Amino acid sequence: MRMPAKGWAVVALAVALGAADRGRAQSQDETTRAQAEIQQALTTFLIAFNNLDWPAFRKCFAPDVTMFHPAPPNVRRIDSAQEFEKAWLGVFARIRKNSGRDTAPYMNLKPQDLKIQLLSKDIALVTFHLVDANVLSRRTVVLRRGVEGWKIVHIHASNVTMP
């Protein structure tokens with residue numbers, strides 16, 4: 001028995017719709033997986049930063065990382081490995097000194113209003129706030145997925161004094 005042309009059109013449409021649904025489900029699974037991986041990368045970064053663990057902290061960043069730091073003496077864009085290390089090691093020393101602690105953790109950073117936006121399958125934009133007394137610290141972090149997972153390629157940090 002031969003199927004009429006109209007019947008084949010219905011079958012083709014059903015197959016196409018089924019493939020589209022599978023594609024959407026697969027895309028949704030990939031997005032969910034990527035967001036979980038990004039969240040884990042951020043958690044690793046924050047733990048290393050809270051503990052002032054330089055080797056673990058440095059592994060969170062891509063070799064070609066850039067940064068806008070929120071305070072002097074680092075007022076210009078930092079975009080070389082040497083400047084990056086010098087800037088962060090200075091920050092670590094100041095935090096360690098001002099924390100009044102002899103052991104980790106030296107801080108307790110708690111991101112608020114965290115938002116993860118996948119810009120592509122391998123690029124993510126993350127924004128959040130940190131609040132300390134009357135200072136609102138705004139952070140924008142760009143991550144790129146590579147063979148070693150999600151790495152930070154840029155941080156833009158700014159602080160606003162709240163009334």
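Everything numeric here is computed off the predicted structure, so don't read it as measured data.
Screening residues 92-117 for ring-ring contact (aromatic ring centres under 6.0 Å, His included), with sequence neighbours left out, gives F49-F92, W54-F92, F57-F92. For residues 34-56, the salt bridge (Lys or Arg N to Asp or Glu O under 4.0 Å) pairs, not counting sequence neighbours, are E37-R145.
Side-chain contact between I155 and F68 is absent, with no heavy atoms from C-beta onward closer than 4.5 Å. At a threshold of 4.5 Å between non-hydrogen side-chain atoms, the residues L42 and V126 count as touching. The shortest side-chain heavy-atom distance between I38 and L118 falls under the 4.5 Å cut-off. Inter-residue side-chain proximity for W88 and M67 is flagged as met; some heavy-atom pair is nearer than 4.5 Å. Put simply, the side chain of L89 does not reach to within 4.5 Å of the side chain of F84, judged on heavy atoms. The side-chain heavy atoms of R101 and P105, taken from C-beta on, include a pair separated by under 4.5 Å. Contact annotation: the side chain of H69 approaches that of V91 to within less than 4.5 Å [non-hydrogen atoms, C-beta and beyond].
Distance check: K115 NZ to T127 OG1 gives 6.5 Å after rounding to the nearest 0.5 Å. Separating the CZ atom in R144 from the OG atom in S120 is a distance of 10.5 Å, to the nearest 0.5 Å. We find the CG-NE2 distance between N159 and H129 to be 11.0 Å, quoted to the nearest 0.5 Å. From S80, atom OG reaches atom NZ of K86 across 10.0 Å, with rounding to the nearest 0.5 Å. Atom-to-atom distance recorded for L130:CG and R138:CZ is 12.0 Å, nearest 0.5 angstrom. To the nearest 0.5 Å, atoms NZ (K110) and CG (N108) are separated by 4.5 Å.
With sequence neighbours excluded, the residues that form a side chain to side chain contact (heavy atoms under 4.5 Å, CB included) with T66 are R77, D79, H154.
Hydrophobic clustering of Ile, Leu, Val, Met, Phe, Trp and Tyr side chains at less than 4.5 Å, counting indirect connections, keeps F45 apart from V142. Grouping the Ile, Leu, Val, Met, Phe, Trp and Tyr side chains by contacts below 4.5 angstrom, directly or via other members, places F128 apart from L136. In terms of hydrophobic clustering, with Ile, Leu, Val, Met, Phe, Trp and Tyr side chains grouped at heavy-atom distances under 4.5 Å, L114 and L143 are assigned to a common cluster. Cluster membership check: V160 does not share its hydrophobic cluster with V135, using side-chain heavy-atom separations under 4.5 Å among Ile, Leu, Val, Met, Phe, Trp and Tyr.
For the pair C60 and A56, the tightest heavy-atom approach, listed with the atom from each and the gap, is SG-O, 3.4 Å.
Shown are D132, I47, L46; of these, the side-chain contact (heavy atoms from CB on, under 4.5 Å) with L109 is made only by L46.
By the neighbour-count criterion of 12 heavy atoms within 6.0 Å, atom CG of N98 is densely surrounded, having more than that number from other residues, nucleotides or ligands. In this structure, Q112 places its CD atom where more than 12 heavy-atom neighbours from other residues, nucleotides or ligands lie under 6.0 Å away.
Residues Q28 and T32 have side chains that never bring a donor and an acceptor to within less than 3.5 angstrom of each other. Under the 3.5 Å distance criterion, with hydrogens and angles disregarded, no donor-acceptor pair is assigned to the side chains of T161 and N134.
D113 and R139 are not joined by a salt bridge, as no carboxylate oxygen comes within less than 4.0 angstrom of a charged side-chain nitrogen.
Side-chain atoms of K151 come within 3.5 Å of backbone atoms of K59 as a donor-acceptor pair (strictly under, hydrogens ignored).
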